[in-house]
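Note sheet for the following structure.
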2 protein chains.
Amino acid sequence: MDARRTTVRDVRRRNRSVLLSELYFHEPLSRQELSQRTGLSPGTVSNVAGELIAEGLVVEAGSVDSDGGRPRVLLRVNPGYGRVVGVDVGETRVRVESFDLTMAPLATVDYPLDSPQPRPEPVAAQILAGLREVTEQAGTGPVVGVGIGVSGTVEQGPPARVHAQTLGWDAVPLERMLREGTDLPLFIDNGAKTLGQAEMWFGAGRGTRHAVIALIGSGVGAAVITNGSTYRGATSSAGEWGHTTLVYDGRPCRCGSSGCLEAYVGAEAVLDRYREAAGSPAPGDDEESAITELVASADSSPVAARVLEETAGYLGAGIANLVNLFNPERIVLGGWAGLTLGARLLPRVREETARRALRHPYEQTSIELCRLGPDAVALGAATLPVADLLTDPGVRSPA
Amino acid sequence: MDARRTTVRDVRRRNRSVLLSELYFHEPLSRQELSQRTGLSPGTVSNVAGELIAEGLVVEAGSVDSDGGRPRVLLRVNPGYGRVVGVDVGETRVRVESFDLTMAPLATVDYPLDSPQPRPEPVAAQILAGLREVTEQAGTGPVVGVGIGVSGTVEQGPPARVHAQTLGWDAVPLERMLREGTDLPLFIDNGAKTLGQAEMWFGAGRGTRHAVIALIGSGVGAAVITNGSTYRGATSSAGEWGHTTLVYDGRPCRCGSSGCLEAYVGAEAVLDRYREAAGSPAPGDDEESAITELVASADSSPVAARVLEETAGYLGAGIANLVNLFNPERIVLGGWAGLTLGARLLPRVREETARRALRHPYEQTSIELCRLGPDAVALGAATLPVADLLTDPGVRSPA
DNA sequence: ACTGCTTTTTTCAAGCTCTGAAATATTGAT
DNA sequence: ATCAATATTTCAGAGCTTGAAAAAAGCAGT
């Protein structure tokens, strides 16, 4: 099927990748441990590690006793080998953040969007300005790459194009637009997917290979991770959980269809349902505080309690669908509304999911809350160039 | 992540696989064409092909002029290298079928199941008997492997266990039970998945890498193919489309939940809905003829027309969910009921899907009918050992 | 028949890569 | 100092692919 030849050189590429990845996620490690973990012979580990050290990607860092014998020299990824930048193009602001190679944050800038439906050109300009800014601030070493998480679906190009209904963007060639201002490697992806990536590397998804990060904000989205990598489908718009029909011919959804999950458990939808049930809007200046208020009032207000109870039902059913279709090891519930609602509703959501999902896949799944919060979109985006580096560490020029 | 070392030997393994697969799906091919298609140098192709020929996996088959020069020698996979057996453990019978390596059918035997809830032991005995039978009948060459498609979810072991609610099987160690009667390599999988595999190789899924085979029989299932291979999830029970909630708190489903897709578009459910609407059961002795009758009567019976129209709506919504979540290139509608209903309803189903799915992923998808019919479960199962052979052609002993 | 021309296959030295075994390095204990 | 215990490095050996050159196999014309 996959008619791609393999040469001896690919062997080295792959083994460099295996070694570096192992080190990245389990540092510090001695050559000897590395040999055991990767299955490579000590000779090869020594050889490859030497190469990586010479290139500056890896550094020796102290040593540790080994009862009686020569001490083990510990190796780590060199955080200063280079920097990566993550960009979060949200619905209200552009955030640009830089990190060292081990994802320690270095600098951040935020730009508010001037309109809820900003034109793409100024946004691209903001991204480029932010890029310059964080690059000039703290940190040394070349920028290895830039990851960009956008709240919309991204058609992987080249050049990548962005379709974002909420921003009013249709097939915006963001990659080409940025390309005019920078030569750095660019990685553009959907924001929900980059957030999912962040949870997989550093949050509640750690250690699993099959997970779904279910995100509830004003809208609803998901990142599906299968076999350790983000599931994209044919044109990388997979995972549109929010617009999955849950209530046939139910409430109208902003996508034009009706009965979508988002029309029931999205923050906006929850508040709408409350308003209809209570006859008056939920208190709070904005969606975010309104949801918080709603959850807080559940103990005293029967109406709020009922709306939340119903929400748990819908959400449980939506999650059960994920369980049945994807059979993940873990479902991670996040997004700002997901966290607020989940803090109270998680046990009920688990029950409702159990009631509706098939027993066998349900038993294989744990349902948990996100650990990183909704601001991790930029972190996850910055992860993309690092992942690329780990997958194929070798094409780039040494520092 | 994937801490697996690679050695020089893997290079040969992979290239053997690439070459053999290319040949399998595009034969006949000359060495020179093979070199172009795989990207391997002529020298390597010659070398690897020679090895495969010596082992009997590949044969030279005629030659073809090449204007003016030395004629090209055509190569093909040797159909007589060995045989494969496919088993279909359905709800009413066990079918065992043998094929040559290129999937030309050689022999078939059927055994009716003595009860709708047969005990596993006699079924295993029937499989083994069928295996002996088809092996002794037509065909020569050793049996390379046996694939088994079971109507239930299969927990890939080892040993593989089968959970089949309709058969009344719970964690049946089918692999171990068969192992006592044969030493052949066994591949056990869900019947919907093997049928999907058959459609991918020889049916409506050919040429795509991302597809969903949606199957409607008495129940409803699906096989999801991503990146060219069947999606299994963490414990290989992924793709349970039929028990996905489509109508929140809707009709009760035999799985214990309610509002499942299966409770609306499964053959049994369609007939139930007709009975409720018409006040009398649909004509026909069994489910299959009843569905056929129902479709046939739609032009004259308003009730039948309405039930079918509603079915198209539910099915369209269910398919739209697949489109949104998996973003496939193609949706293939099959199963005996799916084919009968689809013959009439396909245009309406497409419309309903379009109405409910997101525009972008919908435009990437074509919706078609199965080409192989529901009997291809055994064919698809027999495909499993072949796929294994193509992936790693080398461990086995030469013919 | 023989020669020249064209195109396909095979052959082969070179250059990589991993491995297992042996050699070397490093440190604490005697 | 010397020994013992480990950790690393070195190195010959074997397996791969490659690109170039050589060989093979027809066809056409003389």
Side-chain angles (χ1 to χ4, degrees), chain A residues 3-20 22-23 28-54 58-76 392-395, chain B residues 3-20 22-23 28-54 58-76 392-395:
Chain A
R4 276 297 304 147
R5 68 170 182 173
T6 307
T7 80
V8 237
R9 234 117 170 202
D10 294 315
V11 175
R12 172 54 70 104
R13 252 196 287 283
R14 175 93 41 99
N15 285 335
R16 277 173 69 105
S17 166
V18 166
L19 204 71
L20 191 57
E22 196 63 32
L23 211 48
L29 249 31
S30 72
R31 291 171 232 257
Q32 196 244 60
E33 290 168 305
L34 230 23
S35 170
Q36 287 170 356
R37 281 169 166 275
T38 61
L40 288 162
S41 72
T44 300
V45 170
S46 187
N47 185 333
V48 174
E51 211 172 272
L52 292 170
I53 290 173
V58 167
V59 289
E60 299 194 335
S63 59
V64 78
D65 280 9
S66 64
D67 37 8
R70 172 176 175 173
R72 293 186 272 250
V73 176
L74 296 177
L75 303 178
R76 341 175 142 259
D392 188 358
V395 240
Chain B
R4 275 294 304 145
R5 68 168 182 173
T6 307
T7 81
V8 235
R9 233 110 170 210
D10 295 315
V11 174
R12 173 53 70 102
R13 252 196 287 283
R14 175 96 38 103
N15 285 336
R16 277 173 70 105
S17 166
V18 166
L19 205 71
L20 191 58
E22 197 64 32
L23 211 47
L29 249 31
S30 72
R31 290 170 233 259
Q32 196 245 57
E33 290 167 306
L34 231 21
S35 169
Q36 287 171 357
R37 281 168 166 277
T38 60
L40 288 162
S41 73
T44 300
V45 169
S46 187
N47 184 333
V48 174
E51 210 172 273
L52 293 171
I53 290 172
V58 167
V59 289
E60 300 195 335
S63 60
V64 79
D65 279 9
S66 64
D67 36 9
R70 174 175 177 172
R72 291 187 271 248
V73 176
L74 295 177
L75 303 178
R76 332 174 148 264
D392 188 359
V395 240

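Every chain is numbered from 1, with letters handed out A, B, ... down the list of sequences.
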Where do A:Ile53 and A:Glu60 come nearest, in terms of heavy atoms and distance?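 In terms of heavy atoms, the two residues are closest at CD1-CG, 3.9 Å.
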
Whole angstrom is fine here: how far is it from [atom1] in [X] over to [atom2] in [N]?
| X | N | atom1 | atom2 | answer |
| --- | --- | --- | --- | --- |
| A:Asp10 | D:dT18 | CG | C1' | 13 Å |
| B:Glu51 | D:dG15 | CD | C1' | 11 Å |
| A:Gln32 | D:dT8 | CD | C1' | 10 Å |
| A:Arg37 | D:dA7 | CZ | P | 15 Å |
| A:Arg5 | D:dT18 | CZ | C1' | 9 Å |
| B:Arg12 | D:dT18 | CZ | C1' | 13 Å |

Using a cut-off of 4.0 Å on non-hydrogen atoms, how would the nucleic acid contact of B:Val73 be classed: base, sugar-phosphate, or nothing?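 Contact class for B:Val73: sugar-phosphate only.
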
Heavy atoms under 4.0 Å, any strand shown: does B:Val8 hit a base, just sugar-phosphate, or nothing?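 Base, at least one base atom sits under 4.0 Å.
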
Does B:Asn15 place a side-chain N or O at less than 4.0 Å from the phosphate oxygens OP1/OP2 of D:dT17?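 For D:dT17, OP1/OP2 do have a side-chain N/O of B:Asn15 under 4.0 Å.
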
For D:dT18, does either OP1 or OP2 sit under 4.0 Å from a side-chain N or O belonging to A:Arg9?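 No, no such contact exists.
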
How long is the gap from [atom1] on [X] to [atom2] on [Y], to the nearest 0.5 Å?
| X | Y | atom1 | atom2 | result |
| --- | --- | --- | --- | --- |
| B:Leu75 | B:Gln32 | CG | CD | 11.5 Å |
| A:Asp392 | A:Arg13 | CG | CZ | 6.0 Å |
| A:Thr6 | B:Asp10 | OG1 | CG | 9.0 Å |
| B:Arg12 | B:Thr44 | CZ | OG1 | 7.5 Å |
| A:Arg5 | B:Ser35 | CZ | OG | 9.5 Å |
| A:Leu52 | A:Arg16 | CG | CZ | 5.0 Å |

For A:Arg72 and for A:Thr44, locate the closest nucleotide of DNA chain D by heavy-atom distance; then report the residue assigned to the nucleotide nearer the 5' terminus.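 Checking each residue's closest nucleotide, the 5'-ward one belongs to A:Arg72.
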
Assign each of A:Ser30 and B:Ser41 to its nearest nucleotide of DNA chain D by heavy atoms, then name whichever residue's nucleotide is nearer the 5' end.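 Mapping each residue to its closest nucleotide by heavy atoms, the 5'-most match is A:Ser30.
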
So, do [X] and [Y] sit near enough that their side-chain heavy atoms are less than 4.5 Å apart?
| X | Y | value |
| --- | --- | --- |
| A:Asn15 | A:Leu19 | no |
| B:Val18 | A:Arg4 | no |
| B:Val58 | B:Leu23 | yes |

Verify the neighbour count for atom CZ of A:Arg14: are there more than 12 heavy atoms of other residues, nucleotides or ligands below 6.0 Å?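 Incorrect, the count does not exceed 12.
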
Anything under 4.0 Å to a heavy atom of chain A counts; send over the first and last such nucleotide of DNA chain C, read 5' to 3'.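 Under 4.0 Å from chain A, the extent on DNA chain C is C:dG15 to C:dT27.
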
One thing to verify: whether B:Glu33 and B:Arg72 come together as a salt bridge, which I'm taking to mean a side-chain N less than 4.0 angstrom from a carboxylate O.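 Not counted as a salt bridge, because no side-chain N and carboxylate O are separated by less than 4.0 Å.
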
Determine to 10° how strongly the helix from C:dA1-D:dT30 to C:dT30-D:dA1 is bent, judged from the axes of its five-pair ends.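 Roughly 30° between the end axes, to the nearest 10°.
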
Sugar-phosphate atoms are those with a prime plus P, OP1 and OP2; base atoms are the rest. Using that split, label each nucleotide of nucleotides 25-30 of chain D B, S or - for protein heavy atoms under 4.0 Å, 5' to 3'. BBS---

